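Here's the structure we're looking at; comments come further down.
In this text, all values refer to a predicted model and were calculated from it rather than measured experimentally.
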Amino acid sequence: MNTPGRSPDGLPPVLGVDSVSKSFGGIQALNDISFEVLPGDIHALIGPNGAGKTTLLNLITGNFPADSGRVTFDGAGLNGRKPFERVSLGIARTFQNIELFGSMSVLENVLVGRHVKTGCGFFGAMARFSRVVKEERDARSKALELLEFVGLSEAASWRGTELPFGWQRFLEIARALATEPKILLLDEPASGLNPVETASLAELLEKIRNSGITLLLVEHDMNLVMKISDRVLVLNHGMKLAEGTPCEVQANEAVISAYLGREQAGKACCASAS
């Protein structure tokens, strides 16, 4: 059994959430949530609609502050850091509703994500210093590499909104990867995908993990969650209901009662075992 708070190779958690709470008016969205994400893991976050999953992602990425508690990344506190600072540190995310720049090409959408790794500034861009030209060339090369990685290299010149819906999901992932994250947060990436696209997504998420990037995944597709996840955290009404391996969570009576149901738990178990 692994020591709590340590990965199998002795590394500390890449992400720590310690006693985090958040309310909106009289609604308690999150209540005393604590968990850790180990480096190299795919850590899933599941629960009914309104359980607080997206709120938790927003707290981690700095979209709004927690009322209490602490979020750490690579052992350093994140409280008070703005979203762009967290991206620079190595935290990237995608959104439940796809957010692409419709007037830009697929390649340009990925280059937007790459901006966080450039440093030429306004005057450097105007003067076209050799350093700036090299930086732009390297950014374009990296963006094309990422499009190849997610399977969209042939669509580089298309407008982002011309892509089929499933491809738009993959483009959003490529743009997030362009920031060179240590951890990638995904908010329902399988939403709206057909079974073939979902299977391709599972392969892509495994590729991302194998490249050394940790994943925190919010998802309702239990077949996908149980197939690829190392750990699963279950929220219900803003509270932590359960946490463990996919098999442990599937067998948890409280989780079955509040979320999975007997039939869905059985299907997920079959998917995990296959």
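Listed for the Glu172 side chain is a donor-acceptor partner under 3.5 Å among the backbone atoms of Glu99. With hydrogens and angles ignored, the 3.5 Å screen pairs a side-chain donor or acceptor of Asn109 with a backbone N or O of Phe101. The backbone N or O of Pro48 lies less than 3.5 Å from a partner atom in the side chain of Lys53, making a donor-acceptor pair. Although no hydrogens or angles enter the test, the distance criterion places no donor-acceptor pair under 3.5 Å between the side chain of Ser257 and the main chain of Glu253. In this structure, Glu203 contributes its side chain and Ser200 its backbone to no donor-acceptor pair below 3.5 Å. Under the 3.5 Å distance criterion, the side-chain polar atoms of Thr61 are left unmatched by any main-chain donor or acceptor of Pro83. A donor-acceptor distance shorter than 3.5 angstrom exists from the side chain of Asp221 to the backbone of Asn223, with no hydrogens or angles considered. Between the side chain of Ser105 and the main chain of Glu108, a donor-acceptor pair closer than 3.5 Å is present. A donor-acceptor contact shorter than 3.5 Å links the side chain of Asn79 to the backbone of Gly69.
A search for salt bridge (charged side-chain N to carboxylate O under 4.0 Å, His left out) contacts involving Arg209 returns Glu206, Asp230, not counting sequence neighbours.
Between Pro12 and Pro39, the shortest heavy-atom contact is O-CD, 3.4 Å. Between Pro189 and Leu217 the shortest heavy-atom distance is CG-CD1, 3.3 Å. For Arg70 against Thr72, the heavy-atom pair with the smallest separation is NH1-CG2, 3.1 Å. Contact between Leu107 and Arg140 at its shortest, heavy atoms only, is CD2-NH1, 3.1 Å. What you find for Val255 and Ala242 is that their closest heavy atoms are CG2-CB, 3.6 Å. When all heavy atoms of Ala178 and Leu146 are compared, the pair lying nearest together is CA-CD1, 3.4 Å.
A distance of 8.0 Å separates CG of Leu144 from CG of Leu111, quoted to the nearest 0.5 Å. Considering CG of Leu185 and CZ of Arg86, their distance stands at 11.0 Å, rounded to 0.5 Å. Note that CD of Gln28 and CG of Leu30 are 8.0 Å apart. Values are rounded to the nearest 0.5 Å. Note that CG of Leu224 and OG1 of Thr198 are 7.0 Å apart. Values are rounded to the nearest 0.5 Å. Atom CD in Glu162 sits 12.0 Å away from atom CG in Leu100 (nearest 0.5 Å). One distance of note links CG of Leu204 with CD1 of Ile228; it measures 9.5 Å at 0.5 Å rounding.
Salt bridge annotation for Asp67-Lys22: present, with a cationic side-chain nitrogen under 4.0 angstrom from a carboxylate oxygen. In summary, Glu180 and Arg114 engage in a salt bridge, as defined by a charged side-chain N under 4.0 Å from a carboxylate O. Using a 4.0 Å cut-off between charged nitrogen and carboxylate oxygen, Lys182 and Asp74 count as a salt-bridge pair.
Between Ile183 and Ile213, the closest side-chain pair of non-hydrogen atoms is not below 4.5 Å. Residues Ile173 and Ile208 meet the side-chain proximity criterion, which asks for heavy atoms closer than 4.5 Å. No side-chain heavy atom of Val20 sits less than 4.5 Å from a side-chain heavy atom of Ser34. Annotation: side chain of Arg231 is not in contact with side chain of Phe35 (no heavy-atom distance under 4.5 Å). Residues Glu36 and Leu15 are not in side-chain contact: their nearest non-hydrogen atoms beyond the backbone lie 4.5 Å or more apart. Within the 4.5 Å cutoff, the side chain of Thr245 has no heavy atoms near those of the Val249 side chain. Side-chain contact between Gln250 and Val232: absent, with no pair of heavy atoms (C-beta onward) separated by less than 4.5 Å. A 4.5 Å side-chain heavy-atom check between Val37 and Val17 finds every atom pair outside the cut-off.
Heavy atoms from other residues, nucleotides or ligands lying under 6.0 Å from CE of Met239 number 12 at most. For His220, the NE2 atom sits in a packed shell: over 12 heavy atoms of surrounding residues, nucleotides or ligands are nearer than 6.0 Å.
Using modelled atom types and a 3.5 Å distance limit, the side chains of Arg93 and Asn58 yield a donor-acceptor pair.
Under the 4.5 Å side-chain contact rule for hydrophobic residues, Leu57 and Leu38 do not share a cluster. Note on Met104: it does not cluster hydrophobically with Phe170, by side-chain heavy-atom contacts below 4.5 Å among ILVMFWY residues.
Just one of Ile42, Leu45, Ile46 meets the side-chain contact (heavy atoms from CB on, under 4.5 Å) condition when paired with Val225; it is Ile46.
Applying the ring-ring contact (aromatic ring centres under 6.0 Å, His included) definition to pairs two or more places apart or across chains, those involving residues 50-92 are Phe24-Phe64.
In this structure, Arg169 fails the cation-pi test against Phe165, since its NZ or CZ atom is not both closer than 6.0 Å to the six-membered ring centre and inside 45 degrees of the ring normal.
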TODO: Kindly indicate, with the supporting measurements, whether the criterion side chain to side chain donor-acceptor pair (under 3.5 Å) is fulfilled by Ser21 and Asp32.
DONE: CA-CA 5 Å; Ser21 296; Asp32 195 30; 5.2 Å; no
Show the atom names and distances, to 0.1 Å, of all donor-acceptor pairs under 3.5 Å that link a side chain in residues 148-157 to residues at least two apart or in another chain.
from   : atom 1 : to     : atom 2 : distance (Å)
Glu148 : OE1    : Ser153 : OG     : 3.0

